[in-house]
Amino acid sequence: TAGNKILHFGACRVSMSMTEIRAGFTAIKANIQARDPIRTLSILSYPHSLHKVNASDRCCITRHLFDFYVDKVFKHCKTEDSYVNRKISSIANSFLSTKRKLGQCHEQNQCVCGQESTEKFKQILANYEGLNVTSAAMKSLGELDILLDWME
Amino acid sequence: SGELYCSLLNPRNVRFESINMKNVLHWSAPEGTGNGVLYKVKYSVYGVGKWIRKPECKNINRTWCDLSSETSDYEEQYYASVKAFLNGMFSDWVETTRFNPLTDTKIDPPMVSVSSTDKSISIILTAPEKWKRSPEEESVSLLQVYPGLQYNVSLFNKKTKKRWFFSTSNHTLVVPWLEPETAYCVSAQIHITTPILDSGFSKEYCIATLKDK
Amino acid sequence: EEALLPAPQNISILSTNMKHFLTWSPVTNQGETVRYSVEFQGEYERVYANGSWIPISECSLITATVCNITEDISATVAYNLRVRAALGARRSEWGTLKGFFNRNTTSLTPPVMKVIADGYHLLVELEDMGPAFQFRVRYWRKGKERRMQQKVVKEVSSVVHLDTMEARAEYCVKAQSYVEAINRSSSFSQTQCVRAQGDTSMWL
């Protein structure tokens, strides 16, 4: 079924086509993860899992991560495979749609950033910048299910 | 006496097979090898630096290894790897793809129990439990793992040959106003929208409504 | 020098029930077979990926003048679409859809519905309109419109059970399709009424 998800962050409510994004990712997961040979580092989960983030910081971290994927990640994930590129486009455009809604929550002060989320996001950026941009982007895309699992 | 160093073909089709988060590593023997091949297994948590050997799966001749205990934290993702050896020859380590217990497991159908009165049928649905290390360990229902879990229930009237469907997130369903002395068969399926996971339908449980009082 | 192949004209979108098709007028060239290729550009590509275009492989060098773009229009954002003609090595300019296309403008029709009374049970059979669809089914006992009830049907497998009916009473049903991803519904279907099994003495 459609499997839209209403993400609740206090007063901030964001509707997101989770099933469509999951279906797009599932279709390319093996292909994308096979391009990431580095088993010993995770962009999103190192050193601590997203699951350790306080509930009060969830909205801010989610907003930062959607900005991160839209601004930094997707554009460096172009492949030689047209089908994979089309699925990445589908995910990227869905993320853009959700990123906007999270941005509106932020403008209405419903998505406040605490110390913890700021630190966590800094760590994610440090993990990302620790690799060359294509490897970092492909690894981040391969970890999309870590983000989606955590969001759900 | 031939080369000192001689490699064995690799194990094939190395993958996790998971049902209700009982996560078992499976593989096929290297091509063209009969009996006598032995294997060893290691696994790693994605994002963590080291490979960990599985002692219970060292020098084994079977082609599976239960890693449920090692992969029970479904907030993590995993890799596993297998190496074959025979008469001093050995293969490369062959890895699985990245395994995500939450999305890559299969779900068993729910347990279904039915009872009837003269005009109604009551159905109790129970979601399977997540794999656990021992019977003493506290049970975790998959309902706790997948909060959006729903049941699709099929009710088949054996007299009219008609099938009705119900969808519910409750674990009980009562269907009133049925025909007395009529046989009905019930089967049910688990449906999870995200991640996209559906069980098959359970086998059919048939029961007759009682004689009209 | 060979004349430039004209770009396809009259490029438009046909979008019904979340199925989207790009169509255009054929380019003619002395009876030779002209082929066409289609590309799309989502808002992400426009804003964040230097306006890049993505080819749709199923509509690459096709002879038809229609392309099913449903699978690629899979986010609720504004998309650009373009098509060009090809004849041998010759290529036309791109013909681009005038304005953007957003799937939230798709036209939604009510579901084909069949209402069934089976004994005391009110059931409905609904057309499978695709994974994006759910259905709001409203039903009421005839004459008691104010006590109308609603059920959201997400799984369209077959005959869906709505409710039980009082003996001999007439019940009416109507349904609308709903797409969560764009938060829009169709109009309601025609109302259909059925009567519950009659003779109470047979069972009571």
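Letters A, B, ... mirror the listed sequences (proteins, then strands); counts begin at 1. Just so we're clear, the structure is a prediction, and the values are computed from it rather than from any experiment.
- Here the closest non-hydrogen pair linking C:Val159 and B:Arg163 is CB-O, 3.5 Å.
- At least one side-chain heavy atom of C:His121 sits less than 4.5 Å from a side-chain heavy atom of B:Val175.
- No more than 12 heavy atoms of other residues, nucleotides or ligands sit less than 6.0 Å from atom CD of C:Glu93.
- Note that NZ of C:Lys154 is 6.5 Å distant from OG1 of B:Thr193, once rounded to the nearest 0.5 Å.
- More than 12 heavy atoms of other residues, nucleotides or ligands sit less than 6.0 Å from atom CD of B:Glu137.
- More than 12 heavy atoms of other shown residues, nucleotides or ligands fall within 6.0 angstrom of atom NE2 in B:His26.
- Under a cut-off of 6.0 angstrom, the local environment of CZ in C:Arg147 is sparse, with at most 12 non-hydrogen atoms contributed by other residues, nucleotides or ligands.
- Heavy atoms from other residues, nucleotides or ligands lying under 6.0 Å from CD of C:Glu71 number 12 at most.
- Atom NZ of B:Lys162 sits about 7.0 Å away from atom CD1 of C:Ile116, to the nearest 0.5 Å.
- Between B:Trp164 and the choices C:Leu162, C:Val160, C:Asp118, the side chain to side chain contact (heavy atoms under 4.5 Å, CB included) rule is met once, by C:Asp118.
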